Amino acid sequence: QLQLAESGGGLVQPGGSLTLSCAASGFKLDYYHIGWFRQAPGKEREGISCISSSGLDTKYADSVKGRFTISRDNVKNTAYLQMNSLKPEDTAVYYCAAQLRLSNTCALTPGIFTSWGQGTQVTVSS
């Protein structure tokens, strides 16, 4: 069974930093593109970053570009999202997702990802 598990969420102050992890089991992560998504109350799920299976292609939503960094360690079978300069509007449930590669590039489109984690809450507040 393909499984993803997010960890690292919590409560941080504005301007703070947080690193999320996405651990995969049941499959080799190096065959998959990885995406990070978030969903705030009353809003649609938003794609914020993705990284290709090779790690050579990365994309970021405008709302997080310059503040967040996506990475992966295929040996550890884990992907990461480093979040810096956090803002209250970053508050959301964050999900990682995997998509079996069909090309050399990733995309911030929720519908193409087939495996999802349970999500981890990130709250940015004073």
Side-chain angles (χ1 to χ4, degrees):
Q1 184 176 0
L2 307 181
Q3 294 183 349
L4 296 171
E6 304 95 338
S7 62
L11 175 64
V12 296
Q13 295 183 348
S17 298
L18 201 63
T19 299
L20 305 182
S21 298
C22 175
S25 61
F27 62 98
K28 293 183 177 180
L29 199 61
D30 56 350
Y31 286 103
Y32 291 82
H33 300 332
I34 298 296
W36 282 98
F37 302 83
R38 67 186 182 187
Q39 188 164 20
K43 296 185 177 181
E44 295 183 350
R45 187 167 49 186
E46 174 191 15
I48 57 174
S49 187
C50 67
I51 185 168
S52 64
S53 59
S54 67
L56 296 179
D57 181 52
T58 58
K59 293 184 174 65
Y60 298 91
D62 289 340
S63 59
V64 306
K65 189 174 183 179
R67 299 188 297 120
F68 291 9
T69 302
I70 191 170
S71 63
R72 65 189 300 156
D73 187 335
N74 288 346
V75 174
K76 296 182 178 180
N77 222 34
T78 302
Y80 305 92
L81 184 68
Q82 183 179 7
M83 305 183 294
N84 299 322
S85 301
L86 285 164
K87 305 174 181 179
E89 51 263 44
D90 294 319
T91 296
V93 177
Y94 283 71
Y95 302 88
C96 67
Q99 169 64 44
L100 185 64
R101 67 186 183 207
L102 298 176
S103 68
N104 291 327
T105 58
C106 69
L108 299 175
T109 307
I112 67 173
F113 290 85
T114 55
S115 298
W116 292 81
Q118 295 295 312
T120 184
Q121 177 71 48
V122 173
T123 302
V124 185
S125 176
S126 298

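What's counted below: heavy atoms across the whole structure, side chains too, no hydrogens, waters or symmetry copies. Since we're looking at a predicted model, the values are computed, not measured.
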(request) Under 4.5 Å between side-chain heavy atoms, chaining through other members, with only Ile, Leu, Val, Met, Phe, Trp and Tyr counted: pull out the rest of the cluster around L4, sorted by chain and number. (result) L2, V12, L18, L20, F27, L29, Y31, Y32, I34, W36, I48, I51, Y60, V64, F68, I70, L81, M83, L86, Y94, L100, V122, V124
(message) Show the nearest heavy-atom pair for residues A61 and G47, with the distance to one decimal.
(response) CB-O, 3.5 Å
(message) Please find the pair of heavy atoms, one from G117 and one from Y95, that lie closest to each other, and give the distance.
(response) O-CD2, 3.6 Å
(message) Can you list everything that forms a salt bridge (charged side-chain N to carboxylate O under 4.0 Å, His left out) with D57? Sequence neighbours excluded, please.
(response) K59
(request) Applying side-chain contact (heavy atoms from CB on, under 4.5 Å), name anything that partners S17, two or more places apart in sequence or on another chain. (result) N84
(message) If I take atom CZ from residue R72 and atom OG from residue S53, how far apart are they, to the nearest 0.5 angstrom?
(response) 6.0 Å
(message) Show me the pairs that pass side-chain hydrogen bond (donor to acceptor under 3.5 Å, both in side chains) and involve residues 116-126, at least two apart or across chains.
(response) Q121-T123
(request) Check whether the side chains of E89 and S63 place a donor and an acceptor atom closer than 3.5 Å, and report yes or no. (result) no
Donor-acceptor contacts under 3.5 Å from residues 102-111 side chains, at least two apart:
| unit_1 | atom_1 | unit_2 | atom_2 | d |
| --- | --- | --- | --- | --- |
| S103 | OG | T105 | N | 3.4 |
| S103 | OG | T105 | O | 3.1 |

(message) With salt bridge (charged side-chain N to carboxylate O under 4.0 Å, His left out) as the rule and sequence neighbours excluded, what pairs involving residues 90-107 come up?
(response) R38-D90, R67-D90
(message) Would you say CD of E44 has more than 12 non-hydrogen atoms from neighbouring residues, nucleotides or ligands within 6.0 angstrom?
(response) no
